[in-house]
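For clarity, every value in this text was computed on a predicted model and none was experimentally measured. Chain A is the first sequence line, chain B the second, and so forth, proteins listed ahead of strands; every chain is numbered from 1. FYI, side chains are in, hydrogens and waters are out, and symmetry mates aren't considered; it's all heavy atoms of this structure.
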Number of protein chains: 2
Amino acid sequence: MTRATGVAHPNIALVKYWEKRDERLILPVAGSLSLTLDAYPTTTTVELDETLDADTFTLNGAAGDETQTGRVTRFLDLVRELAETDTRAHVSSSSDVPTGAGLASSAAGFAALAVSAAAAFGLDLDAPALSRLARRGSGSASRSIVSGYAVWHAGDDEASFAEGVTGPDTRMVVVTVDRSTKAVSSREAMKRTALTSPYHDAWASSTAEILEVALEACRDDDYTRLGRITELHALRMHAHIQSADPPIRYLRAASIAVFDDVERLRAEGIECYATADAGPNVVVLTLPGDAAAVAERLAVHGTTTVVGPGPAASLVSAGAER
Amino acid sequence: MTRATGVAHPNIALVKYWEKRDERLILPVAGSLSLTLDAYPTTTTVELDETLDADTFTLNGAAGDETQTGRVTRFLDLVRELAETDTRAHVSSSSDVPTGAGLASSAAGFAALAVSAAAAFGLDLDAPALSRLARRGSGSASRSIVSGYAVWHAGDDEASFAEGVTGPDTRMVVVTVDRSTKAVSSREAMKRTALTSPYHDAWASSTAEILEVALEACRDDDYTRLGRITELHALRMHAHIQSADPPIRYLRAASIAVFDDVERLRAEGIECYATADAGPNVVVLTLPGDAAAVAERLAVHGTTTVVGPGPAASLVSAGAER
């Protein structure tokens with residue numbers, strides 16, 4: 001019996017990932033750029049068990065539902081293929097991501113699972129290989145393998161992994177305006193925009209261009225340019241999503257109220273920029289010295305939490321014994 | 001001295017007009033569909049005066065500013081060219097459109113000016129010719145020449161006019177959430193989206209397709225289909241606009257709150273659909289029997305006014321004497 005425990009953190013994209021060009025391999029239509037956070041870790045233990053007929057999965061101490069367990073098993077199947085074994089495993093995961101906080105739990109979840117499963121199954125994978133593996137669980141998980149700023153390359157299965165880049169020192173204020181489960185999942189919404197939004201092709205090609213500019217801003221340590229791109233690209237992603245048929249409006253009145261206030265804050269001289277993933281909650285990019293003031297100002301809209309750049313996914317422990 | 005007085009009403013587009021393919025001729029990148037309203041008329045008198053060196057313009061009794069007077073003069077230049085004369089005119093206009101009510105005053109304004117100026121200058125123009133003329137003042141004015149539902153055809157100068165179509169009997173609830181002047185004018189915003197939004201080409205081609213479906217819904221008296229298209233297309237226009245660089249967000253938190261409530265009303269069985277022009281105010285399409293209930297429900301967001309299908313632009317009086 002071999003076991004390993006890994007930990008990983010969520011990430012927030014500045015240049016967004018939206019839509020796959022390959023559903024099975026989870027290859028994105030364009031590259032993306034994110035910041036791995038220093039909060040809300042997911043810790044996952046994978047323990048091989050020769051006696052098992054099927055993998056087991058528990059999340060925060062409770063048995064995972066069929067969908068969750070199915071995704072874990074399909075992911076472990078990839079690891080088993082690499083390790084050339086049929087051995088099943090117990091997977092237990094604990095996550096600090098508050099439900100519906102606007103931070104996708106799947107990125108940290110599959111990054112932690114990739115690290116722990118690879119170790120438990122005895123695979124010696126470098127960071128790009130771990131990132132490629134995590135990608136197969138959830139696209140954005142490829143980026144949570146990496147610390148701080150991470151660019152996830154588009155390309156084929158071999159080339160599509162995330163790697164670290166340096167960039168301006170920033171903080172993010174997570175503004176949780178709504179904790180309800182979203183009506184349309186990201187996976188569903190991606191399929192719908194790909195099929196029905198007239199902006200599908202332009203979204204993919206313009207994202208590839210925007211990513212180049214964002215990476216240039218990172219290289220130049222240019223906070224203003226990176227911030228402008230962050231808000232611009234978030235608005236373009238939500239523009240694309242709301243152009244599906246039927247439309248999907250993830251940004252609700254409370255979300256737009258945060259965007260409105262961020263615009264006002266900029267007019268007042270506090271340079272901050274809003275972004276939002278596929279849900280109603282908003283994340284605001286700020287300079288380190290402004291984060292507390294921005295969080296205080298935006299607290300009227302919901303719970304605010306200041307987060308910063310976080311570490312790479314890592315192995316906490318590994319061994320042959322409990 | 002010859003004078004004529006014309007009256008015209010605003011219109012609200014169900015399939016939106018956004019962006020020109022010819023700035024001078026005001027030819028749109030795609031056709032559009034609107035409902036001319038039965039409220040907020042603009043009444044305009046044009047009075048030729050051989051003694052004038054320049055046109056004069058008064059709006060609601062006050063002298064128009066330089067921009068307004070310039071637009072009126074450039075419009076009258078087109079009429080003078082058709083009439084083969086150099087005579088200048090006094091133009092006085094009175095408008096009931098509340099400032100910033102979310103109803104563009106230029107559509108009714110230039111439709112009323114087209115009708116009155118053509119008569120004052122002795123031109124005998126049929127409705128398509130009047131619509132083409134009004135178009136040169138403001139694109140959407142081409143549609144206010146026509147009663148009720150009006151389709152404004154794309155095409156060249158000769159072909160680009162509006163004409164009436166039949167459609168389902170509907171009302172509109174105008175929800176005025178914000179009366180402030182918009183930060184970016186439609187003209188400016190159209191130029192910016194054409195130059196910087198990645199969705200520019202797809203916007204034009206998809207609008208042409210949507211218009212065909214909307215016209216089919218009109219022919220079939222299919223309120224549901226027309227309503228769905230109305231909201232879908234408004235969201236796609238605002239998606240395109242917010243994708244400009246820098247982004248333009250006409251829909252503010254208060255606007256989205258109306259869209260959110262319209263979604264709730266539909267879930268409760270009241271079939272209504274939201275749209276919005278280039279500004280924060282929202283117009284809700286309803287069945288005649290639901291208009292009062294919808295207006296009452298949405299009153300929490302601002303002033304609500306129920307309007308219905310209105311008449312064509314028309315000549316009120318014409319003669320050689322005061």
Item to check | Among B/R228, B/H233, B/E263, residue most engaged with chain A (heavy-atom pairs, under 4.5 Å) | outcome: B/E263
Next on the checklist: In the structure I gave you, are the side-chain heavy atoms of A/D245 and B/R236 within less than 4.5 Å of one another anywhere?
Outcome noted: yes
Checklist outcome for this item: Distance col, row A/S255:OG vs B/I256:CD1, nearest 0.5 angstrom, shows 9.0 Å
Next on the checklist: Just verifying a value: how many Å separate B/S243 OG and A/H238 NE2, rounded to the nearest 0.5 Å?
Outcome noted: 11.5 Å
Between [X] and chain A, which part of the residue has a heavy atom less than 4.5 Å away: side chain, backbone, both or neither?
X	value
B/L251	backbone
B/A244	backbone
B/E209	neither

Checklist entry - Passes side-chain contact (heavy atoms from CB on, under 4.5 Å), A/F259 versus B/R252? Steps please. => result CA-CA 9 Å; A/F259 275 78; B/R252 312 304 288 187; over 6 Å; no
Item to check | Residue pair B/Q242 / A/A239: nearest heavy atoms and the distance that separates them | outcome: NE2-N, 3.6 Å
Checklist outcome for this item: When every non-hydrogen atom of B/P247 is compared with those of A/L232, the smallest separation belongs to CG-CD1, 3.7 Å
Item to check | Side-chain ion pair, A/R249 and B/E231, N-O less than 4.0 Å | outcome: no
Next on the checklist: Parallel, tilted or perpendicular: which one describes the rings of A/H240 and B/Y199, with boundaries at 30° and 60°?
Outcome noted: tilted
Next on the checklist: Tell me whether A/E296 at atom CD has more than 12 heavy atoms from other residues, nucleotides or ligands lying less than 6.0 Å away.
Outcome noted: no
